[in-house]
Engineer: 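My structure is below; once you've seen it, I'll send some questions.
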Amino acid sequence: MLRRALPARPEARRILLGTLLSAVGRGLTLPFLFIYLTDVRGLTDARAGLVIGWFGAVTLALSPLAGTLIDRFGARRVVLPCLVVEAVGTGSLALVDSTASAFGVMTLVAVGSSAIWAGQNTILASLTGDGERQRVFGLNFALLNLGIGIGGLISGAVVDVARPVTFQAIYLLDAVSYLTPALILLTLPHVGHRLATGVGGAGAASSAGGYLTVLRDRPFRRLVLFGLVLTTCGYAQIEVGFAAYSVRVVEVTPRVVAWALAANTVMIVLSQLLVIRRMEGRSRTGALAAVGAVFAGAWLVLGAAGVVGGGNALLAALGVVACSAIFGFGETMLSPVMPALTNALATDELRGRYNAMSSMIFGISGVVGPVTAGPLIGAAHGRVWVAVVVGGCLAASLLALSLRPLLSAVQDGRPAPTPTRTPQPTPAT
């Protein structure tokens with residue numbers, strides 16, 4: 001299955017290798033930023049939260065500009081400097097010693113990360129054909145989670161709040177990891193250039209329309225709406241809603257939450273290739289609708305664990321872990337389909353903007369989700385939160401199904417219907 005999922009072009013395989021190596025570095029630091037800023041560098045919880053929120057706001061604000069630059073100059077000229085800026089910013093986190101320096105460094109990190117996801121998706125789309133693109137994006141997501149899991153295991157065994165040098169070391173290693181995809185891209189001089197090189201004509205007119213042209217694309221607008229609803233009630237709830245509900249309502253320990261997140265990663269790594277294989281030739285909108293149903297099922301399991309609560313600690317803990325694992329299975333369906341459908345709708349002139357808008361979905365929901373999770377969990381012992389996220393995921397399923405009539409069979413990932421031939425009458429003898 002791995003051999004089948006690998007892209008045909010060796011350049012795309014090397015880009016995937018860069019994703020894996022950089023993800024290991026990301027996994028070293030991903031769970032520890034808040035702890036590092038508060039317990040090691042002495043920031044208050046409120047100030048550390050503002051710093052992390054500032055990073056998300058800057059990234060979101062710069063994402064539209066990143067899409068424009070990718071279309072105008074090519075993904076290569078945008079991604080390479082952004083990877084270097086990201087490396088410098090991440091390494092500088094090791095030197096943070098005040099709130100002001102934390103804001104400055106996180107601004108630098110946000111500038112670097114604002115274009116990397118959209119740029120790398122644009123590069124992968126340019127190196128793959130329609131038939132293999134969905135498989136490649138799914139494999140890219142599996143490698144990303146595998147790398148993050150490996151990095152998390154390493155840092156979990158190394159970091160110690162009593163020894164700040166351990167945190168400084170992982171941030172410096174994370175900085176080095178961001179240079180590996182940059183070095184790989186430098187060895188591929190013909191990859192990542194501007195996709196639309198023609199001057200004048202319909203292509204130029206389409207590019208001149210910019211984001212207005214993208215927003216006039218009715219199927220893509222529906223896809224964006226689906227993504228906003230699903231991620232706000234799904235991904236955006238993991239960091240705050242899932243953790244807060246598990247600890248405060250289900251009454252499990254933070255260690256159980258950590259095991260649940262590990263189960264999520266294991267589920268993704270083990271099932272991604274199988275899911276990719278099963279989804280070939282099937283409706284993409286049907287898969288998106290199934291994702292909403294799976295996410296809703298995961299939250300219902302967590303809600304059931306909340307009902308059990310402290311009455312049966314083992315059953316409650318199993319419910320939390322099962323919720324995270326089920327959620328991971330839904331991610332394996334979403335990860336290949338969402339970028340593949342985005343790039344099926346995009347034109348070469350505006351591919352960077354399409355991918356930038358797709359990445360902005362996660363930025364917007366990442367702001368809305370955490371802000372709403374706290375008050376909802378505080379109402380009616382968390383039942384309101386469970387009802388809202390379950391209802392939102394099911395609403396996203398309906399939006400996905402409403403998208404299908406707006407797509408062609410090829411865009412939806414289904415085999416194109418073969419034209420039927422009317423039999424010709426045989427001439428009389």
Side-chain angles (χ1 to χ4, degrees), residues 1-24 26-27 116-150 181 223 226-227 230-231 234-235 263-295 298 325-346 351 354-355 358-359 361-362 400 407 410-415:
M1 287 188 292
L2 176 61
R3 191 184 308 114
R4 180 178 176 79
L6 286 171
R9 294 184 61 173
E11 298 96 326
R13 298 184 182 189
R14 291 164 73 176
I15 295 294
L16 291 176
L17 176 62
T19 297
L20 175 62
L21 295 176
S22 64
V24 173
R26 185 76 183 102
I116 291 177
W117 187 255
Q120 289 182 332
N121 276 357
T122 301
I123 291 174
L124 271 181
S126 69
L127 294 174
T128 53
D130 291 335
E132 63 176 354
R133 192 170 288 157
Q134 184 167 292
R135 297 196 302 268
V136 173
F137 278 121
L139 179 60
N140 184 62
F141 183 72
L143 293 175
L144 177 68
N145 280 273
L146 176 62
I148 289 175
I150 294 172
L223 180 64
F226 158 82
L230 182 73
T231 55
Y235 276 104
N264 175 272
T265 300
V266 171
M267 171 64 78
I268 292 171
V269 172
L270 294 182
S271 63
Q272 182 70 83
L273 295 178
L274 179 62
V275 170
I276 293 173
R277 183 178 179 182
R278 296 289 296 176
M279 287 174 57
E280 288 187 17
R282 298 178 185 271
S283 168
R284 288 170 176 165
T285 51
L288 294 178
V291 172
V294 171
F295 282 4
I326 295 170
F327 194 92
F329 182 75
E331 291 180 80
T332 62
M333 291 189 286
L334 180 66
S335 61
V337 171
M338 192 75 176
L341 184 51
T342 296
N343 283 279
L345 295 172
R351 196 170 298 279
Y354 272 86
N355 282 293
S358 184
S359 67
I361 292 172
F362 294 90
L407 303 175
V410 174
Q411 290 172 333
D412 196 32
R414 294 173 281 122

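Keep in mind it's a predicted model, so treat the numbers as computed, not measured. For this chain, numbers begin at 1 and follow the sequence in order.
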Engineer: Taking only residues two or more places apart in sequence or in another chain, which ones pass salt bridge (Lys or Arg N to Asp or Glu O under 4.0 Å) with R133?
Structural biologist: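 R133: salt bridge (Lys or Arg N to Asp or Glu O under 4.0 Å) contacts with D130.
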Engineer: Using side-chain contact (heavy atoms from CB on, under 4.5 Å) as the criterion, list what pairs up with L144, not counting sequence neighbours.
Structural biologist: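 For L144, the residues satisfying side-chain contact (heavy atoms from CB on, under 4.5 Å) (neighbours in sequence not counted) are T19, A23, W117, I148.
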Engineer: In chain order, what residues pass the salt bridge (Lys or Arg N to Asp or Glu O under 4.0 Å) check against R284, with sequence neighbours excluded?
Structural biologist: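 Not a single residue meets the salt bridge (Lys or Arg N to Asp or Glu O under 4.0 Å) criterion with R284.
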Engineer: Please, which pairs that meet salt bridge (Lys or Arg N to Asp or Glu O under 4.0 Å) have at least one residue in residues 135-150, sequence neighbours excluded?
Structural biologist: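 Output for this query lists R135-E280.
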Engineer: Checking N145 now: which residues fulfil side chain to side chain donor-acceptor pair (under 3.5 Å) with it, not counting sequence neighbours?
Structural biologist: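 Testing N145 for side chain to side chain donor-acceptor pair (under 3.5 Å), a comparison that skips the adjacent residues, returns none.
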Engineer: Kindly write out the residues that satisfy side-chain contact (heavy atoms from CB on, under 4.5 Å) with R282, not counting sequence neighbours, or none if the list is empty.
Structural biologist: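 Checked R282 against side-chain contact (heavy atoms from CB on, under 4.5 Å); matches are R278.
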Engineer: Do other residues, nucleotides or ligands put more than 12 heavy atoms under 6.0 Å from F329 CZ?
Structural biologist: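 Check fails, neighbour count at 12 or below.
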Engineer: Would you please name every residue forming a side chain to side chain donor-acceptor pair (under 3.5 Å) with T332, sequence neighbours left out?
Structural biologist: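 Counting only residues at least two positions away or on another chain, T332 forms no side chain to side chain donor-acceptor pair (under 3.5 Å).
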Engineer: Please list, chain by chain and in numerical order, all residues satisfying side chain to side chain donor-acceptor pair (under 3.5 Å) with E132, sequence neighbours excluded.
Structural biologist: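 Applying side chain to side chain donor-acceptor pair (under 3.5 Å) to E132 gives none.
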Engineer: The test is side chain to side chain contact (heavy atoms under 4.5 Å, CB included); show your working for I15 and N140 and say whether it passes.
Structural biologist: CA-CA 9 Å; I15 295 294; N140 184 62; over 6 Å; no
Engineer: Among N355, T128, N121, find the residue that satisfies the side-chain hydrogen bond (donor to acceptor under 3.5 Å, both in side chains) test when tested with N343.
Structural biologist: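 Among N355, T128, N121, the one meeting side-chain hydrogen bond (donor to acceptor under 3.5 Å, both in side chains) with N343 is N355.
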Engineer: Among residues at least two apart in sequence or on other chains, which ones pass side chain to side chain donor-acceptor pair (under 3.5 Å) with S283?
Structural biologist: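 For S283, the residues satisfying side chain to side chain donor-acceptor pair (under 3.5 Å) (neighbours in sequence not counted) are T285, D412.
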Engineer: Please identify each residue that fulfils side-chain contact (heavy atoms from CB on, under 4.5 Å) with I116, with sequence neighbours left out.
Structural biologist: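 side-chain contact (heavy atoms from CB on, under 4.5 Å) check on I116 returns C82, L83, E86, Q120.
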Engineer: Apply ring pair (Phe, Tyr, Trp, His ring centres under 6.0 Å) to F327 and list each qualifying residue two or more places apart in sequence or on a separate chain.
Structural biologist: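 Listed in chain order: Y235, F295, W299.
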Engineer: With sequence neighbours left out, what residues match A289 under side-chain contact (heavy atoms from CB on, under 4.5 Å)?
Structural biologist: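 Scan of A289 (side-chain contact (heavy atoms from CB on, under 4.5 Å), adjacent residues dropped) gives S397, A400, L401.
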